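Following: one structure in structure tokens, then a few remarks.
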Amino acid sequence: RWRKWQIRARIQSSIDRNLAQAMNELERIGNLLNLSKAVKDEAALIYRKAVEKGLVRGRSIESVVAASIYAACRRMKMARTLDEIAQFTKANRKEVARCYRLILRELEIDVPVSDPKDYVTRIGNLLGLSGATMRTAADIIEKAKNMGLTAGKDPAGLAAAAIYIAALLNDERRTQKEIAQVAGVTEVTVRNRYKELTQELKIQIPSQ
Amino acid sequence: MPYKAVVNIENIVATVTLEQSLDLYAMERSVPNVEYDPDQFPGLIFRLESPKVTSLIFKSGKMVVTGAKSTDELIKAVKRIIKTLKKYGMQLTGKPKIQIQNIVASANLHVIVNLDKAAFLLENNMYEPEQFPGLIYRMDEPRVVLLIFSSGKMVITGAKREDEVHKAVKRIFDRLAELDCIRPVEEEELEF
DNA sequence: AATTTACTTTTCAAAGC
DNA sequence: GCTTTAAAAAGTAAATT
């Protein structure tokens, strides 16, 4: 009886110590990513579940925290790539992705499929574009979805191309280079998505 | 939507047990075109030109043969590997025991798959287009993993028998159809 | 800007670290 | 877990030309 209580107390204290350290990491990375309290709270909730299920054993706290933050961002529709999050940890993208997959499988957490529209908002804000341009870009994404042009494509690349087109249509042109940079994709990808979207959606670009 | 899937076996991974220990250092000296660096990997790498397969040979007498596209090709390759090793002076006795460990196949359902919808309705799936363009589906029976693309093409892996591949393809087609996740291809260029 | 090469994902065994 | 081997799918990336 006593021994059982002792074991339980020991496990609880180890979870507490782990959580204390993890919450510091979560706060640090979350602030570097400019995440709101709501997203950080969601990440904390996911991390707590992961610890209770023993998913952190044999893994670095930092990687699991990063994976929890990624899952929280996805659930809260706060577009952040795995690379953006992993850059603030000692682990690489591959290790954080491994922890993320583990969280998806082991915890009963529903994460919606990444939406290019979430990246439209993020890229638009980083470039200081108007709400009208962002709405145009979101419309382009919606039409592309309905035509089946988005399946399997990187949402960041799709959003980058939609922003490029929308900015041209709304007369606040940005170069493919600066859009690609904030979107975290290459200019070639922006160009490829741009070609496909303008062709398939029959969008006429006014010549400068 | 008629079922007209085309299935291709792309790779068979098998283990071969020779039931005798081997001197890999001697093998590296006498058999040409082999790679052996025990610090990097414990197996000796032997490439057979026809049938084009690669074999990892271990000192325990066990080997891994990869690259065969059919069971016939696999058996032929194992016979030729042993014949080649004997030709270069390796003493091999007894008949090898061949076990297929994994079959990788590709298939084309000739339909367009709505991956967003499938990701939402299908169980045991993972669809992360930021990471990989295919939807990863873990099927319980037969126990295989399918990588499904919006083009209707897919990869089936983890099967131990060929009939499991065909069964899995038929099953995923039926499942995608009942979930209303497929639509016909507008116009398809014929492949020859 | 077009090619080529290469990496992402999944599966599996082998022996050893 | 890692190391090595093979293979496909489609997207993205980087290096050449």
Side-chain angles (χ1 to χ4, degrees), chain A residues 57-60 81-83 92-95 97-98 101 150-158 160 180 183-193 195-196, chain B residues 7-18 21-22 24 35-48 51-69 73-74 77 98-109 113 115 125-139 142-160 164-165 168:
Chain A
R57 284 179 194 170
R59 254 167 284 268
S60 75
T81 63
L82 263 179
D83 279 307
N92 54 341
R93 195 206 83 261
K94 202 165 184 172
E95 175 60 21
R98 199 199 317 276
R101 267 169 259 162
T150 61
K153 269 99 169 192
D154 183 350
L158 285 164
V185 296
T186 63
E187 288 177 68
V188 178
T189 295
V190 177
R191 214 168 292 129
N192 288 338
R193 295 300 127 242
K195 280 181 193 165
E196 189 176 33
Chain B
V7 179
N8 268 311
I9 303 298
E10 304 287 355
N11 180 28
I12 297 178
V13 179
T15 48
V16 178
T17 307
L18 295 174
S21 56
L22 302 169
L24 299 185
E35 295 171 42
Y36 184 46
D37 182 0
D39 293 330
Q40 189 186 155
F41 189 69
L44 177 146
I45 304 167
F46 175 84
R47 286 166 215 277
L48 189 72
K52 190 169 174 274
V53 299
T54 298
S55 176
L56 305 177
I57 305 173
F58 300 87
K59 65 185 181 199
S60 63
K62 289 182 177 179
M63 4 191 264
V64 174
V65 177
T66 62
K69 291 200 177 294
E73 213 179 87
L74 170 67
I98 305 173
Q99 280 180 292
I100 293 178
Q101 301 292 349
N102 180 29
I103 295 177
V104 182
S106 63
N108 189 348
L109 297 182
V113 183
L115 296 184
N125 82 85
M126 176 141 67
Y127 175 46
E128 299 279 331
E130 308 183 65
Q131 183 116 128
F132 188 71
L135 181 149
I136 299 161
Y137 177 64
R138 288 163 204 280
M139 188 176 276
R143 198 157 193 85
V144 298
V145 172
L146 299 97
L147 310 182
I148 306 164
F149 300 86
S150 68
S151 63
K153 292 183 180 180
M154 61 179 69
V155 172
I156 305 89
T157 185
K160 285 214 152 43
E164 292 178 331
V165 173

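The structure displayed is predicted, hence computed values, not measured ones. Lettering follows sequence order; numbering is per chain, from 1.
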*Reported OG1-to-CG distance for the pair B:Thr157 and B:Leu147, which is rounded to 0.5 angstrom*: 7.5 Å
*Reading nucleotides 11-17 of chain C from the 5' end, what letters show protein touch, with B for base, S for backbone sugar-phosphate only, - for no heavy atom under 4.0 Å?*
BBBBBS-
*B:Arg143 CZ to C:dT10 P, straight-line distance once rounded to whole Å*: 15 Å
*Could you state the NZ-C1' distance from A:Lys195 to C:dA2, rounded to the nearest angstrom?*
9 Å
*Integer-rounded Å distance: C:dC7 P and A:Asp83 CG*: 17 Å
*Between OG1 on residue A:Thr186 and CG on residue A:Asp154, distance to nearest 0.5 Å*: 9.5 Å
*Find out whether B:Lys153 and B:Ser106 are in side-chain contact, i.e. whether some heavy atom of one side chain is under 4.5 Å from a heavy atom of the other.*
no
*Approximate separation, where rounding is to 0.5 Å, of B:Thr66 OG1 and B:Lys52 NZ*: 9.5 Å
*Quote, to the nearest angstrom, the P distance that separates D:dG1 from C:dT9.*
13 Å
*Look up atom CD in B:Gln99 and atom OG1 in B:Thr15, then write down how far apart they are to the nearest 0.5 Å.*
4.5 Å
*Euclidean distance for C1', D:dA9 against C:dA1 (whole angstrom)*: 26 Å
*For nucleotides 9-17 of chain D, read 5' to 3', which letter fits each nucleotide if B means a protein heavy atom sits under 4.0 Å from the base, S means only the sugar-phosphate is that close, and - means neither?*
BBSSSS---
*Could I get the full list of side chain to side chain contact (heavy atoms under 4.5 Å, CB included) partners for B:Ala159, not counting sequence neighbours?*
B:Ile103, B:Val144, B:Glu164, B:Val165
*Do A:Glu95 and A:Arg59 sit within salt-bridge range, that is, some charged N less than 4.0 Å from a carboxylate O?*
no
_If you only use heavy atoms from C-beta on, which nucleotide in C:dT10, D:dG1, D:dT5 is closest to the side chain of A:Arg101?_
C:dT10
Listing, residues 131-139 of chain B side-chain donor-acceptor contacts under 3.5 Å, not counting sequence neighbours, or none:
residue, atom, partner, partner atom, Å
B:Gln131, OE1, A:Arg101, NH2, 2.9
B:Tyr137, OH, B:Glu123, OE2, 2.7

*Under 4.0 Å between a side-chain N/O of A:Arg57 and OP1 or OP2 of D:dG1, yes or no?*
no
_Taking 4.0 Å as the cut-off, does a side-chain nitrogen or oxygen of B:Lys52 come that near to OP1 or OP2 on D:dA6?_
no
*Does B:Phe46 offer a backbone N or O that forms a donor-acceptor pair with the side chain of B:Tyr36 under 3.5 Å?*
no
*Under-4.0 Å side-chain N/O to phosphate OP1/OP2 contact, A:Arg93 with C:dT8*: no
*asked:* Suppose you measure atom C1' in C:dA2 against the same atom in D:dA8; what distance do you get, rounded to whole Å?
replied: 25 Å
_Donor-acceptor check, side chain of B:Lys160 to backbone of B:Asn102, threshold 3.5 angstrom: yes or no?_
no
*For A:Arg98, report the nucleic acid contact type (base, sugar-phosphate, nothing); a contact means any heavy atom under 4.0 Å.*
sugar-phosphate
_Sequence-distant partners of B:Gln40, side chain to side chain donor-acceptor pair (under 3.5 Å), two or more places apart_ = B:Asp37
*asked:* Rounded at 0.5 Å granularity, tell me how far CG in B:Asn11 sits from NZ in B:Lys69.
replied: 6.5 Å
*For DNA chain C, what is the dot-bracket line, given that a base pair needs Watson-Crick (N1 to N3, plus N6-O4 or O6-N4) or G-U wobble (N1-O2 and O6-N3) geometry with both distances under 3.5 Å, and | means paired with another strand?*
||||||||.||.|||||
*Across the strands shown, which category fits B:Ile45 at heavy-atom distances under 4.0 angstrom: base, sugar-phosphate, nothing?*
sugar-phosphate
*Taking CD1 from B:Ile136 and C1' from D:dA8, how many angstroms apart are they, rounded to a whole number?*
14 Å
*Using whole Å, report how far CG of A:Asn92 lies from P of D:dC2.*
10 Å
